[in-house]
Structures are given as C-alpha cells and as structure tokens.
Amino acid sequence: KGLAPKNKLERQVRDIYNSRQTRWKRLALLAGSKTPPRTFNLYRSEAGIPAFDVIRAWSDDSTKTLTIRTQLLSSWTLSRDAGERIANQDIGPKHVPRVLYEAAVPFEQTLLDKWSDGGALATSPYRWQEEVVVAHSHKNALSIPKENATVFLDGIRYSYADRNALFKAMNEHYSHAELAENFKALDRL
C-alpha cells in the first residue's frame, strides 16, 4: 500500500511486512479468524524526559493527544503487567519519573512479534516482556490520547485523573529551576 519503496531499507521493511502478513493470515485461520489483527494494544515504558512530555500534555487543556518520542524502531510489550514491571525497575536516580504508554498500534507498523516471528522473542530470558518491535515512518510518529499514559514517581502510579496529585509530588521532588530546566530540555530535543 502507499508509495513505492525508495531505498533498500524501505524495500526490506515492505518485504518483512508482506511476509508477516502472510504468516499472520495463516495464524488467523488456525485461530478461526479470516484476517490478521488490525491493531495490537501495546505498552511502552520510558524514564526521565518522556515523563515530562506527559506532564506537559496533562497540564495543557487545549490538547487531547500526546506525541510519543520514538526512534524508527521501538520496543513495546503486549502485556500491561510487563510494561509496569519495566517502568518500576530500580534503575537510575530515585526521583526520576517513569511513564507507561498504551497505544493501539496498527498491524502495518509492527515488524516483529512472538507469534508469527517466534525465534528469539519466544525463547529469550526476556520473553516475559512479550515484546513487539514497532517500525515508525519517522521519529516521533505516534500520538495517543493523553489519558493513555501513566506516570510513576517513587513507586506511586498517577493516571490522567490523578494529574494534580502528580503535579504536587513533582513540586516536592524538584525545585522550580529543575522543573524549568527539564521542560527547556524538551524543547531542545
């Protein structure tokens, strides 16, 4: 679908997608369906600056969406539990906020998953992560409703509905200058 591939990488992605689609059609038939899934409900955890993207979006009533910072390939999980486990890993400074995104990612943007691609994803010591590799057309290509993000700070979970409590907690952990610097860093990225 769409424009013809312009370079070797685009041809390889097209070929992988066509192969995945064929394998998924076979899997769907075995499962009693006629078509592969249209979307995957996926989760991605990140620490630091991405959480400030969420905080900025949550404090702006004029926007309904949040753009997720992504590279051309990104690792997601099928499991909310795995996403939360990754978000709550004890890494980095104590008060670094972490974020968990939830997105309905179109099948066409997925490059690798444990069912149709098996291999290392199915047998890895990290298989509990239930990884799906997502290919983006360009950096920062994915937007989600801002309610589909959860922020963790010091082990406490904050949803969009809890954003005022998060704002208060952030003010307790960061000086005004530190918060301002984090938001300036967003603008430089």
Side-chain angles (χ1 to χ4, degrees), residues 20 24 27 31 36-59 63-167 169-170 173 182 185-186 189:
R20 274 181 55 70
W24 261 103
L27 281 170
R38 289 199 170 102
T39 62
F40 286 98
N41 200 39
L42 300 177
Y43 304 89
R44 178 171 172 76
S45 297
E46 295 189 88
I49 291 293
F52 287 91
D53 284 328
V54 174
I55 292 164
R56 178 180 276 173
W58 283 2
S59 62
T63 182
K64 296 189 184 299
T65 61
L66 162 68
T67 299
I68 299 173
R69 292 177 189 275
T70 59
Q71 297 300 317
L72 297 179
L73 295 176
S74 60
S75 177
W76 292 69
T77 176
L78 291 156
S79 164
R80 182 177 190 88
D81 290 340
E84 287 193 16
R85 182 173 164 190
I86 295 165
N88 286 306
Q89 287 178 343
D90 191 21
I91 54 174
K94 182 179 177 188
H95 298 301
V96 171
R98 292 169 168 78
V99 63
L100 176 66
Y101 301 113
E102 178 181 350
V105 178
F107 175 80
E108 294 82 12
Q109 289 184 338
T110 62
L111 197 59
L112 197 66
D113 67 69
K114 70 177 187 176
W115 294 288
S116 68
D117 304 299
L121 293 181
T123 60
S124 155
Y126 299 103
R127 64 184 168 272
W128 61 268
Q129 292 181 1
E130 299 189 44
E131 184 176 17
V132 174
V133 176
V134 176
H136 306 282
S137 58
H138 57 281
K139 285 185 177 185
N140 308 330
L142 191 59
S143 290
I144 62 171
K146 61 185 181 182
E147 294 84 0
N148 286 16
T150 304
V151 175
F152 297 86
L153 182 63
D154 291 336
I156 299 172
R157 167 201 282 211
Y158 298 93
S159 69
Y160 179 72
D162 307 320
R163 65 191 179 279
N164 289 329
L166 173 64
F167 299 158
M170 292 293 288
H173 289 299
N182 279 305
L186 289 178
L189 294 177

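Here the structure is a predicted model, which means the values were calculated and not measured.
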| Steps toward side chain to side chain contact (heavy atoms under 4.5 Å, CB included) verdict (Val54, Tyr101) | CA-CA 9 Å; Val54 174; Tyr101 301 113; 3.9 Å; yes
| note | Rounding to 0.5 Å, atoms CZ (Arg56) and NZ (Lys146) come to a distance of 12.5 Å
| query | Using a distance-only test with no angle check, is there a side-chain donor-acceptor pair under 3.5 angstrom linking Ser143 and Thr67? | reply | yes
| request: Measure across Ala149 and Leu66 and return the closest heavy-atom pair with its distance rounded to 0.1 Å. | output: CB-CD2, 3.9 Å
| said: Within this structure, what is the CZ-CZ distance for the pair Phe52 and Arg69, rounded to the nearest 0.5 Å? | reply: 12.0 Å
| query | Measuring from Glu84:CD to Thr77:OG1, what's the distance to the nearest 0.5 Å? | reply | 11.0 Å
Identify each donor-acceptor pair in which a side-chain atom of residues 40-47 lies under 3.5 Å from a protein atom, sequence neighbours left out, and give them as a table.
from: Asn41; atom 1: ND2; to: Tyr43; atom 2: OH; distance (Å): 3.2
from: Asn41; atom 1: ND2; to: Glu102; atom 2: OE2; distance (Å): 3.2
from: Arg44; atom 1: NH1; to: Ser75; atom 2: O; distance (Å): 2.7
from: Ser45; atom 1: OG; to: Gly83; atom 2: O; distance (Å): 2.5

| note | CZ (Arg80) and CG (Leu100) are apart, to the nearest 0.5 Å, by 5.0 Å
| Exercise: identify the closest heavy-atom pair between Tyr158 and Leu153 | CE1-CB, 4.0 Å
| What do the steps show when you test Leu142 against Trp76 for side chain to side chain contact (heavy atoms under 4.5 Å, CB included), and what is the final call? | CA-CA 13 Å; Leu142 191 59; Trp76 292 69; 3.5 Å; yes
| query | Got a second to check how far Trp58's CH2 is from Asp53's CG, nearest 0.5 Å? | reply | 12.5 Å
| request: Measure the CD1-CD1 distance between Ile144 and Ile68 for me, rounded to the nearest 0.5 Å. | output: 4.0 Å
